[in-house]
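A, B, ... follow the sequence lines: proteins, then strands. Residue 1 opens every chain.
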Amino acid sequence: QKEVEQNSGPLSVPEGAIASLNCTYSDRGSQSFFWYRQYSGKSPELIMSIYSNGDKEDGRFTAQLNKASQYVSLLIRDSQPSDSATYLCAVNGGGGADGLTFGKGTHLIIQP
Amino acid sequence: DVKVTQSSRYLVKRTGEKVFLECVQDMDHENMFWYRQDPGLGLRLIYFSYDVKMKEKGDIPEGYSVSREKKERFSLILESASTNQTSMYLCASSPPGPDTQYFGPGTRLTVL
């Protein structure tokens, strides 16, 4: 059984600071890694995808992947109150159309 | 923009009823997925399909069936609804392979 672990939070970060969200996964064969943002009552919205070791930056967001440690992280720079949401880490085992395995999410609160 | 639509945002049904949840995507994606999301349990994969008339069981297929007669449409069927199927149901679609999945707005189903 594939597992994806996240700290449920809440993680409270002051406005303007860096928010750091972490995720570990159990399946060493995982190939694709995603971060989704989900506002209360809404569906998940893709923030970042990452497929190879290292960092990937997109605006205020940076995804980091370390396959040897089976670890994925998401950094949010200059955090804004609108970043307050639940962040879901998702992992795909690779190949074919297998569905994603999701973590339970980290609830992030940005304090004004 | 990818658009995934679901037939209802809110649905209330009685125990034992047959329930159909419809999902339509307009991006000609091969892959389609059905998840349910519950507090404390996160998102869990029910069924997925990688082609018309093809289906694969996910992690929690019991009590559900699916139908994919056309590429753009993927239906989730609850043959005899039970109270433990009260949940948020999310449909997603993606291109071939372990690629980004795009979610519909979700259907909140209540079974009384």
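A:Leu88 and A:Phe34 fall within a single hydrophobic cluster, where Ile, Leu, Val, Met, Phe, Trp and Tyr are joined by side-chain heavy atoms under 4.5 Å apart, directly or via other members. At a threshold of 4.5 Å between side-chain heavy atoms, the hydrophobic network of Ile, Leu, Val, Met, Phe, Trp and Tyr places B:Leu45 and B:Phe74 in two separate groups. A continuous path of ILVMFWY side-chain contacts below 4.5 Å connects B:Leu11 to B:Val66, so both sit in one hydrophobic cluster. By the criterion of side-chain heavy atoms lying less than 4.5 angstrom apart, applied directly or through intervening Ile, Leu, Val, Met, Phe, Trp or Tyr residues, A:Phe102 is not grouped with B:Trp34; the two fall into different hydrophobic clusters. There is no path of hydrophobic side-chain contacts, each under 4.5 Å, that joins B:Phe48 to B:Ile46.
A:Gln38 touches chain B through its side chain: at least one heavy atom from C-beta onward sits under 4.5 Å away, while N, CA, C and O do not. Neither the backbone nor the side chain of B:Arg44 has a heavy atom closer than 4.5 Å to any heavy atom of chain A.
Through chains of ILVMFWY side-chain contacts below 4.5 Å, B:Leu112 is grouped with B:Val12.
A:Lys104 places a side-chain N or O within 3.5 Å of a backbone atom of B:Gly40 that can act as its donor or acceptor partner.
For residues 39-96 of chain B, the set of pairs meeting the disulfide (SG to SG under 2.5 Å) definition, not counting sequence neighbours, comprises B:Cys23-B:Cys91.
Here the side chains of A:Tyr36 and B:Leu43 are not in contact, with every heavy-atom distance at 4.5 Å or above.
Between chain A and the options B:Gln37, B:Glu56, B:Glu30, the largest number of non-hydrogen pairs under 4.5 Å is found for B:Gln37.
Considering CZ of B:Phe103 and CG of A:Leu100, their distance stands at 6.5 Å, rounded to 0.5 Å.
Interface residues of residues 40-50 of chain A toward chain B, defined by a heavy-atom distance below 4.5 Å and sorted by number: A:Gly41, A:Ser43, A:Pro44, A:Leu46, A:Ser49. Within residues 54-65 of chain A, no residue has any heavy atom closer than 4.5 Å to a heavy atom of chain B.
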